[in-house]
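These values consider heavy atoms only, across backbone and side chains, with no hydrogens, waters or symmetry-generated copies.
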Amino acid sequence: MKLSIVVPCYNEQEAVPIFYTEVKKVLVQIQETIASGLTYELVFVDDGSKDGTLTELKQLSVHDESVRYVSFSRNFGKEAAMYAGLRKAQGDYVALMDADLQDPPGLLPQMLESLMGTEDYDCAACRRTTRKGEPVIRSVCSNLFYKFMAKLTDIQVVDGARDFRVMKRPMVDAILSLTEVNRFSKGIFQWVGFRTKWFEYKNIERCAGRTKWSFWQLFMYSLDGITTFSTKPLAMASFLGILSILVSFLLIIFIIVRTNVWGDPTRGWPSMICIIFFIGGVQLFSIGILGQYLAKIFTEVKHRPVYIVREEK
């Protein structure tokens with residue numbers, strides 16, 4: 001029985017040694033208490049880091065044969081890094097974790113035990129119950145995102161869900177069978193199905209370094225998630241188009257009636273400007289939604305690889 005731990009890394013030079021030390025302690029604990037015959041591997045994915053992350057990974061791999069790594073030719077994003085790590089992982093059980101220790105390694109024994117027990121779960125996943133330490137605006141927007149996902153898509157993304165999870169091999173193989181370039185793993189985890197047991201924990205600060213996600217990147221990531229798993233925004237654009245026609249028709253009637261009653265057609269220019277801006281805004285909004293879907297089609301039909309490997313071990 002083998003456990004693979006996949007760890008995406010981008011500029012995590014300071015965090016990697018700390019993460020390695022903490023995870024090794026937990027792996028020894030698992031071997032002593034849960035599965036004495038368990039073997040393991042740590043699969044680090046260097047997502048085109050610009051600091052010394054790759055150097056740290058090479059040093060770890062020299063001193064520990066269980067450490068393997070993949071290094072990209074450039075930064076392809078966390079989604080590509082997770083996909084590459086899952087492809088390289090060889091374990092019967094595969095865990096996904098962040099290198100900054102915001103995913104507590106101490107939960108691994110409980111998560112693995114739930115999959116090895118008699119409860120017949122295929123995945124043990126984690127969700128945060130608090131967002132203490134995060135900017136207020138980011139927390140508010142995150143909550144709104146999960147609500148929008150619930151309304152606009154057919155999949156149920158759990159509020160506060162993390163990428164931190166342990167999966168059995170059949171679920172990993174199902175995820176790898178989805179080869180699209182525009183990946184949104186939180187949606188993919190739910191789309192493939194399988195039985196999932198959830199573990200809750202409070203938000204934990206990074207052990208070192210700083211977050212690589214800006215507010216704009218998180219916004220675009222959430223937009224990708226919605227457009228990847230739902231066509232309802234297109235229906236919304238059509239609805240807005242119909243609504244604008246009805247509103248414009250009512251305004252035309254109002255202007256005609258007002259002109260016949262007061263007999264001053266020149267007074268209508270502010271109303272005309274408002275109508276033009278309203279219809280123009282709806283058109284631009286609808287074109288923007290359509291553009292998002294066309295962009296995804298454009299990137300998918302080129303059949304480019306999800307990532308390019310520069311070196312690996």
Side-chain angles (χ1 to χ4, degrees), residues 3-8 19 22-23 26-27 29-30 33-35 78-79 82-83 85-86 89 91-134 138-176 178 183-206 213 218 221-222 225-226 228-230:
L3 170 66
S4 299
I5 300 180
V6 175
V7 190
F19 173 87
E22 293 299 319
V23 169
V26 174
L27 289 172
Q29 177 188 346
I30 291 174
T33 59
I34 299 176
K78 185 181 179 182
E79 291 292 339
M82 289 193 292
Y83 180 63
L86 292 178
D92 305 293
Y93 299 91
V94 181
L96 273 172
M97 299 184 69
D98 286 345
D100 55 18
L101 287 180
Q102 285 192 293
D103 299 332
L107 285 177
L108 278 174
Q110 303 174 47
M111 297 167 72
L112 190 60
E113 193 172 22
S114 68
L115 299 184
M116 297 170 61
T118 59
E119 296 179 280
D120 195 30
Y121 285 106
D122 304 290
C123 175
C126 289
R127 61 178 294 267
R128 292 184 300 184
T129 56
T130 66
R131 295 185 177 274
K132 185 179 180 180
E134 284 191 355
R138 179 174 293 188
S139 298
V140 171
C141 290
S142 178
N143 291 331
L144 289 175
F145 163 71
Y146 285 110
K147 291 180 181 179
F148 275 122
M149 283 292 291
K151 296 290 183 181
L152 297 179
T153 67
D154 296 327
I155 59 172
Q156 184 63 45
V157 178
V158 177
D159 188 6
R162 299 278 294 175
D163 294 321
F164 181 27
R165 61 190 59 226
V166 181
M167 299 169 284
K168 291 182 178 178
R169 174 50 59 177
M171 182 173 178
V172 175
D173 291 339
I175 293 170
L176 292 177
L178 306 179
R183 304 185 68 81
F184 180 69
S185 291
K186 285 184 175 66
I188 291 175
F189 294 146
Q190 297 299 112
W191 188 88
V192 296
F194 296 95
R195 296 190 61 195
T196 300
K197 182 173 182 177
W198 290 95
F199 291 81
E200 297 181 348
Y201 69 95
K202 296 181 180 180
N203 187 51
I204 300 173
E205 297 289 336
R206 290 177 58 91
W213 290 88
L218 288 172
Y221 181 64
S222 63
I226 292 173
T228 299
F229 283 92
S230 175

message = For a side-chain contact (heavy atoms from CB on, under 4.5 Å) check, start with the C-alpha distance between Y93 and V172, then their side-chain angles and the critical distance, and finish with the verdict.
response = CA-CA 9 Å; Y93 299 91; V172 175; over 6 Å; no
task = Using the side-chain contact (heavy atoms from CB on, under 4.5 Å) rule, take M167 and F189 through it: C-alpha gap first, then chi angles, then the decisive distance, then the call.
result = CA-CA 10 Å; M167 299 169 284; F189 294 146; 4.3 Å; yes
query = Are F164 and L96 close enough, and set up right, to give a side-chain contact (heavy atoms from CB on, under 4.5 Å), and what steps lead you there?
reply = CA-CA 5 Å; F164 181 27; L96 273 172; 6.0 Å; no
side-chain contact (heavy atoms from CB on, under 4.5 Å) between W198 and C126, worked out = CA-CA 6 Å; W198 290 95; C126 289; 5.8 Å; no
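Side-chain atoms of I175 and Y83, non-hydrogen and from C-beta on, never get closer than 4.5 Å to each other. The side-chain heavy atoms of C123 and K168, taken from C-beta on, include no pair separated by under 4.5 Å. Using a 4.5 Å heavy-atom threshold, the side chains of M82 and V6 count as separate. T33 has its side chain out of reach of P109: every pair of non-hydrogen atoms, C-beta onward, lies at least 4.5 Å apart. Using a 4.5 Å heavy-atom threshold, the side chains of V94 and L3 count as separate. Counting only heavy atoms from C-beta outward, the side chains of V7 and F19 approach each other to under 4.5 Å.
A174 pairs by the side-chain contact (heavy atoms from CB on, under 4.5 Å) definition with V192, F194, not counting sequence neighbours. Among residues two or more places apart in sequence or in another chain, the side-chain hydrogen bond (donor to acceptor under 3.5 Å, both in side chains) test is passed with D173 by R169. A search for salt bridge (charged side-chain N to carboxylate O under 4.0 Å, His left out) contacts involving E200 returns R127, not counting sequence neighbours. Applying the side-chain hydrogen bond (donor to acceptor under 3.5 Å, both in side chains) rule to D122 yields no partners; only residues at least two apart in sequence or on another chain are considered. The salt bridge (charged side-chain N to carboxylate O under 4.0 Å, His left out) check on K197 picks up E119, with sequence neighbours excluded. Taking the side-chain hydrogen bond (donor to acceptor under 3.5 Å, both in side chains) definition, one finds that Q29 meets it with nothing, sequence neighbours left out. The side-chain hydrogen bond (donor to acceptor under 3.5 Å, both in side chains) check on R195 picks up nothing, with sequence neighbours excluded.
To the nearest 0.5 Å, atoms CG (L108) and CE (M97) are separated by 5.0 Å. Distance check: D163 CG to R165 CZ gives 7.0 Å after rounding to the nearest 0.5 Å. Residue L112 holds its CG atom at 12.5 Å from CG of L107, rounded to the nearest 0.5 Å.
The backbone N or O of L178 sits less than 3.5 Å from a side-chain atom of R183, completing a donor-acceptor pair. Panel note: side chain D100, backbone Q102; a donor-acceptor pair is recorded below 3.5 Å. No donor-acceptor pair closer than 3.5 Å links the side chain of S4 to the backbone N or O of A89. In terms of modelled atom types and a separation under 3.5 Å, the side chain of D103 and the main chain of D98 share a donor-acceptor contact.
Across A124 and F199, no two heavy atoms sit closer than the pair CB-CE1, 3.8 Å. Minimum heavy-atom separation, P105 to V26: O-CG1, 3.4 Å.
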